[in-house]
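Notes for the one structure printed next.
Note that ligands are numbered from 1 as they come in the structure, with each ligand's atoms numbered from 1 the same way.
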Amino acid sequence: MRVLLVGGGGREHALALGLAGDPAVEALVAAPGNPGIAAVAELREVTPTDPAAVAALAVEVAADLVVIGPEAPLVAGVADAVRAKGIAVFGPSAEAARLEGSKTFAKDVMIAAAVPTARAYTCEDAAAVGRALDEFGAPYVVKDDGLAAGKGVVVTDDRAVAERHAAECGRVVIEEYLSGPEVSLFVVTDGEAAVPLLPAQDFKRVGDGDTGPNTGGMGAYAPLPWAPPNLVDDVMRDVVRPTLAELRRRGTPFAGLLYVGLAITPSGPRVIEFNARFGDPETQVVLALLETPLAGLLHAAATGTLGAHPPLRWRDGAAVTVVVAADGYPAGPRTGDVITGADRAGIIHAGTRRDADGTLRSAGGRVLCGTATGPDLAAARDAAYALVRDVELAGSHHRTDIAAAAVDGRVTIPG
Ligand code: AMP
């Protein structure tokens with residue numbers, strides 16, 4: 001199988017490692033890729049959000065499968081353009097990707113499918129914002145309606161901060177606050193059949209103890225020792241199957257990766273958000289534990305044959321990833337700093353570039369992550385932090401408490 005992978009972040013590096021490790025993959029091309037991905041794939045230049053350019057590249061490299069990593073190309077219709085060339089593509093149509101591209105559309109689908117989620121209002125002016133904030137009370141949850149790379153959400157007790165964020169965004173979704181630990185559940189689907197991966201937890205806030213602003217994600221671990229045993233079955237029954245059925249009913253079936261972001265509240269799992277692609281950095285830990293060849297699984301989803309795919313196999317043990325972020329991230333990351341100690345197994349490149357002389361430099365907010373597995377969560381955590389300790393990048397920062405509460409048995413479901 002010849003595979004074209006679109007994207008160039010940490011998620012795509014993790015996908016590239018999985019795809020390259022599948023014996024069925026004879027050639028892996030990544031566009032644009034990154035210096036970490038370059039070790040396992042041929043890199044090609046492309047603008048990932050340009051449907052015609054990606055489709056032309058897929059034809060040129062004779063791809064049997066195109067895997068689209070990030071959300072922006074999906075929302076831009078890249079999967080549709082590739083499919084129109086008769087090439088199998090892992091990633092939903094632009095219509096179905098609205099599940100991520102518009103919070104209002106996602107709420108609409110959830111309500112129609114009776115999926116448990118926070119009550120919410122879409123607001124377009126200050127008066128409507130004020131009414132919604134009054135109704136739900138603090139903590140206030142204010143979300144930009146469009147794509148915002150995980151940074152368009154403000155959760156705050158400060159009414160003025162909530163009002164300011166709403167005013168800056170224009171059209172916002174204001175919703176009820178959901179309390180309880182968060183879970184990311186990835187589901188591979190061809191629109192009809194659906195296969196859940198291991199649930200993972202990520203860490204959205206920049207600082208230890210879940211302090212500071214939201215980020216794209218500062219670390220993750222899997223599996224979840226504290227999760228209720230029936231969690232995945234319940235979410236498949238109450239959330240995933242009704243959502244996929246509703247999208248089929250609308251004539252826009254969702255095929256690709258359905259990311260279900262959940263809060264495990266006292267009254268059960270509630271959907272915080274859907275995404276239309278693998279989450280970053282949870283992908284790093286989930287794929288580190290997946291034993292089933294990745295390209296075969298994604299190809300089955302892309303070709304409507306997932307129902308005939310054998311059950312997934314998982315490695316024993318646990319995986320942890322710790323993100324190393326640039327100075328100033330998330331507000332204003334500094335780029336261009338020299339990185340050393342990063343060319344090692346387990347280091348996933350997220351925002352890096354390489355000079356002609358081989359020097360590695362930071363090129364984004366989340367620069368790289370240390371990803372490790374171990375016989376249990378404590379061992380995986382120690383190994384991930386050992387990787388991160390050996391990386392040198394001026395001004396960088398990382399959280400020191402990724403997976404700590406789970407290791408210590410301190411994650412509890414309220415109520
Ligand atoms: P989203 O982009 O919708 O995933 O939101 C980013 C983060 O904001 C989530 O991972 C949660 O930590 C937090 N968040 C979003 N919606 C809610 C909610 N209704 N209640 C509590 N926290 C939320």
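For the pair R354 and D343, the salt-bridge criterion is met [side-chain N within less than 4.0 Å of a carboxylate O].
Per-residue contacts place K143 under 4.0 angstrom from the following atoms of ligand 1 (heavy atoms of the residue considered): 3 (O), 15 (C), 16 (N). Of all atoms in ligand 1, numbered sequentially from 1 with element shown, those under 4.0 Å from a heavy atom of K103 are 1 (P), 2 (O), 3 (O). Residue-ligand proximity, E175 to ligand 1, at heavy-atom distances under 4.0 Å covers atoms 16 (N), 17 (C), 18 (C), 19 (N).
No more than 12 heavy atoms of other residues, nucleotides or ligands shown are found within 6.0 angstrom of CG on D316. Open room surrounds CD on E392; 12 or fewer heavy atoms of other groups in view lie less than 6.0 Å from it.
If you check each of E176, K204, R119, E182 against atom 12 (O) of ligand 1, the one with the closest non-hydrogen atom is E182. Summarising the contacts of atom 21 (C) of ligand 1 with V153, V173, L178, T117, the nearest heavy atom is found in L178.
Residue Y177 has no nitrogen or oxygen atom sitting less than 3.5 Å from a nitrogen or oxygen atom of ligand 1, judged on distance alone.
Residue-ligand proximity: R205 is placed with every non-hydrogen atom at 4.0 Å or more from ligand 1.
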| request: Start with the C-alpha gap between F278 and Y259, add the side-chain angles, then the distance that decides, and say whether ring pair (Phe, Tyr, Trp, His ring centres under 6.0 Å) holds. | output: CA-CA 6 Å; F278 282 97; Y259 167 133; 9.5 Å; no
| message | The test is side chain to side chain donor-acceptor pair (under 3.5 Å); show your working for T303 and T305 and say whether it passes. | response | CA-CA 6 Å; T303 52; T305 58; 3.1 Å; yes
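Here the CG atom belonging to L360 is positioned 9.5 Å from the CZ atom belonging to R353, to the nearest 0.5 angstrom.
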